[in-house]
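Here's the structure, in C-alpha cells; my notes come after.
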Amino acid sequence: MQSIRVLLVDDQPMIRTGFRLILEAEPDITVVGEAADGAASVESALALEPDVVLMDIRMPVMDGVEATRTIAASGSAARVVILTTFDLDAHVVDALRAGASGFLVKDGPADSLVEAIRTVAAGEAVLSPRVTHSLLDRFAHLAAPATPEVPSRLDALTGRELDVLHSLTRGLSNAEIALELGVGETTVKTHVAHILEKYGLRDRVQAVILAYDCGLVVPRGAR
C-alpha cells in the first residue's frame, strides 16, 4: 500500500506536532515535512512533492491563500486543504478560488482530519456538495437561478454538462443529480469529469466557483 505523503504548514509548532501525532498513527499516511509560513510551504511543496498540503490560512511572510495560489500555479500535483480556526472563515472562498480542495476547522475531530487526507489524496474535494454550496452562499452570495444566456466562457460544455453544472451550484450530490435528470449516477460522474477536464479544474469545488465567476449564477441583489 502506497503511503499518502503530507506536508504540514502552520506557524504554531504545537499544532503541527498535534497533527503529526494524529497522522503518523495511520498506516497509510506519512508526514514528509513541516513549514512555519507560506513562503516556506511553497519551497517544501516543490522539494518534497507531497500528495496533500495541510495549509494554515493565517501565517506570517506569506498567508495560506497566496501560498496555495503559488503552489497551484507551479504545476505541483499537491492538493491543498486549508486549515482555519473559524467554522466559516471569510478567506476560505479566496483559498478555494486559489486552488485549494477544501477546508478543515482546526479543532475538529481527529477522524475528520484523517478522512479528509484520504479523500483529497483520492482526487475528491474535502467539502461535500452541500457544504460547498453553503460556504459559497454565505461569503460569495451565490444564488441558484441561472442567467438567461449561457456565458460564452462555458461554450465548451454540452447542454447536459450545463445541466449538471447548474445542479452542482445547488449543492446536489451525484445521486440527487441523477434522480433529477433521469440518468444513471455513473453518467453524472462522467459529466462531472468532463467539466473538470475541459476547464482544467481539480474538483467540483472549483467547478462551482467557475460557475459563479463566469456568471452562470447571479449574486443576490444583482438583479
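Here the structure is a predicted model, which is why all the values come from computation and not from measurement. For the numbers below, each heavy atom of this structure counts, side chains included, while hydrogens, waters and symmetry mates do not.
- The CG atom of Leu154 sits 6.5 Å away from atom CG of Leu165, with the distance rounded to the nearest 0.5 Å.
- A heavy-atom distance below 4.5 Å is found between the side chains of Val164 and Val192.
- Summarising the geometry of Arg79 relative to Ser101, their closest heavy-atom pair is NH2-OG, 3.3 Å, with the distance given to 0.1 Å.
- Minimum heavy-atom separation, Leu201 to Ile195: CD1-O, 4.3 Å.
- Contact annotation: the side chain of Ile117 approaches that of Leu23 to within less than 4.5 Å [non-hydrogen atoms, C-beta and beyond].
- Under the 3.5 Å distance criterion, the side-chain polar atoms of Gln206 are matched with a main-chain donor or acceptor of Ala100.
- No side-chain heavy atom of Asp63 sits less than 4.5 Å from a side-chain heavy atom of Asp37.
- Of the inter-residue distances, the one linking Asp10 atom CG with Ser41 atom OG reads 11.0 Å to the nearest 0.5 angstrom.
- No side-chain heavy atom of Val183 sits less than 4.5 Å from a side-chain heavy atom of His191.
- Contact detail for Glu161 and Ala156: the closest heavy-atom pair is OE1-O, 4.1 Å.
- Residues Tyr199 and Leu210 approach most closely at CG-CD2, 3.9 Å, considering heavy atoms.
- Looking at heavy atoms from C-beta onward, Val32 lies out of side-chain contact with Val6 at the 4.5 angstrom threshold.
- Residues Leu83 and Phe19 have side chains in contact (heavy-atom distance under 4.5 Å, counting atoms from C-beta outward).
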Show which side-chain atoms of residues 44-51 pair as donor or acceptor with protein atoms under 3.5 Å away, not counting sequence neighbours.
| from | atom 1 | to | atom 2 | distance (Å) |
| --- | --- | --- | --- | --- |
| Ser44 | OG | Ala40 | O | 3.0 |
| Asp51 | OD2 | Arg5 | N | 2.7 |

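- For the pair Glu34/Leu7, no side-chain contact is recorded, criterion being any heavy-atom separation below 4.5 Å from C-beta on.
- The shortest heavy-atom contact between Thr68 and Gly99 is CG2-C, 3.9 Å.
- Between Arg118 and Glu115, no side-chain nitrogen of the basic residue sits less than 4.0 Å from a carboxylate oxygen of the acidic one, so the salt-bridge criterion is not met.
- Not one N or O on the side chain of Ser76 forms a donor-acceptor pair closer than 3.5 Å with the backbone of Ala72.
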